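Structure first, then comments.
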Amino acid sequence: MAALRNSIDAALRARASRVVPGGMWGHQRASGLSDAHPQFFDRGLAGRIWDVDGNEYVDLMCGWGPNLLGYGHPQVEAAAREQAMRGDALDGPAAVMVELAERLVARIPHADWVLFQKNGTDATTLCVTIARAATGRRKLLVARGAYHGAAPWCTPSPAGIVAEDRAHLIGFEYNDIASLDQAAEAAGSDLAGVLVSAFRHDLARDQEMPTAAFARRCRAICDASGAALILDDVRAGFRLHPGGSWEPLGIRPDLAAWSKAIANGHALAATTGGDRFRDAATKVYATGSFWCAAVPMAAALATLDVLDRQDVIAHMVALGSALRDGFAERATRHGFALRQTGPVQMPMVLFDDDPQQARGRDFCAALLRHGVYMHPRHNLFLCAGHTKRDIAQVIDAADRAFADLA
Ligand code: PMP
């Protein structure tokens, strides 16, 4: 196991601790993984990963979201390789940029245009900038506890942040219309936008789908005031609905942020928007040295080809349902009470009476020993590369992990 003192993982951690502050950054260090979770990985294939010590796991994190079709998807990787042979970060974009933008505009109902970036934070930040540029206003309504990235205006850590970075954010409770109304009232005529996640997927708490009434209220506040409704679809994009996560609710955003899954693991983010925000999107200065890179765009096009051909969401929902049933049944059999919330393809699994997720960490550590990688307090991700055999293995591993705990 990776946490063993003589493991390759431990040796890499020791070396990293000397040349990387804290040995690791951000979510890998601060999201509450157990000591048993390996930090370094060697490879991935379909729905499985191998750590640097050669241990194989069914992977229930999917690279924290980007792995949508399966690691090493042949068609995506062939497209990426082919583009890489011709060039990646050239003096400007390759032709694939236009084709990809056209395909996304055709697929995403609210989108009349697309701008490409690298990370989810780039996209959420750009959405906010465009909303402010379009409206000439400052206030942004944001759900308390929601994660929108690691820039000063949204990072969860107070270190290095000054009050002015967040001076114009007003918090509300996700799915709570009264608190949303109160926040809108506080913003008054200075309201630039309402920023919402696809669903409530905050760390270490039960997930919640948005209610139709809450989504309608977000839309109505923006319609009444001219502010932008911004959907942060970075985490859920393409896992819930092909055209955007709020499509089933019949509520369309003005701007949306995408990343993670859109290029099946290649570094790409996108900001989509409607025509009302096109001028503002033209005026803001947004760019990066790698934002024109062609390889991730070629990978994204190939990802869309697969999504057009294959009902990836139905596959993940079927496997996710089996996983949820299997976890519930085995937990009951061993006398544990689990709470499984959110979409089955992005489940949160928490133990009752486990406020600090200590039992969750023990459970994950046991699962690692039985060949499954999952997170004790972050939502999990399924992918199209997972098979019925993978899920059966996870349920069997859970059975043994519950027995270990008991
Ligand atoms: N928004 C959401 C909902 C996310 O889940 C994330 C990443 N976990 C981000 C924004 C930021 O994306 P990135 O880490 O790629 O900057």
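Being a predicted model, the structure only gives us computed values, none of them experimental. In each ligand, atom 1 is the first atom listed, and ligand 1 is the first ligand listed.
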Ring centroid separation [X] to [Y] under 6.0 Å:
X      : Y      : result
Trp153 : His168 : no
Phe199 : Tyr174 : no
Tyr71  : Phe41  : no

TODO: Can you pull out the closest protein heavy atom to atom 13 (P) of ligand 1? Residue, atom name and distance to 0.1 Å, please.
DONE: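 Sorting protein heavy atoms by distance from atom 13 (P) of ligand 1 puts Gly120 N, 3.4 Å first.
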- [ ] Please write down residue, atom name and distance for the protein heavy atom closest to atom 16 (O) of ligand 1.
- [x] Thr121 OG1, 2.5 Å
- [ ] Mind checking whether Tyr147 contacts ligand 1 via backbone (N, CA, C, O), side chain (CB onward), both or neither, at a 4.0 Å heavy-atom cut-off?
- [x] both
Short list, please: which atoms of ligand 1 are under 4.0 Å from a heavy atom of [X]?
X      : value
Val234 : 1 (N), 2 (C), 4 (C), 6 (C), 9 (C), 10 (C), 12 (O)
Gly149 : 10 (C), 11 (C)
His201 : 3 (C)
His148 : 1 (N), 10 (C)

Task: Short N or O distance, Asp232 and ligand 1, threshold 3.5 Å exclusive - done: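 Yes; the residue has a nitrogen or oxygen that sits under 3.5 Å from a nitrogen or oxygen of the ligand.
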Task: Geometric N/O contact Arg235 with ligand 1, under 3.5 angstrom - done: yes
TODO: Please state whether Lys260 comes within less than 4.0 angstrom of ligand 1, counting heavy atoms only.
DONE: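 Checking ligand 1 against Lys260, which is what was asked, there is a heavy-atom contact under 4.0 Å.
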Task: contact_flag Lys118 ligand 1 heavy-atom lt 4.0 Å - done: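 Contact absent.
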Open item on the list: Is any side-chain heavy atom of Arg252 closer than 4.5 Å to one of Glu247?
Closed with: yes
Task: Heavy-atom side-chain contact between Ile313 and Gln345 under 4.5 Å - done: yes
Open item on the list: Show, in sequence, the C-alpha distance, side-chain angles and deciding distance for Arg107 and Glu102, and conclude whether the salt bridge (Lys or Arg N to Asp or Glu O under 4.0 Å) test is met.
Closed with: CA-CA 9 Å; Arg107 167 178 278 268; Glu102 288 170 347; over 6 Å; no
- [ ] For the residue pair Glu208 and Thr341, confirm or rule out a side-chain donor-acceptor distance under 3.5 Å.
- [x]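 Short answer, no.
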Open item on the list: For the CZ atom on Phe290, are there more than 12 heavy atoms of other groups (residues, nucleotides or ligands in this structure) within a distance under 6.0 Å?
Closed with: no
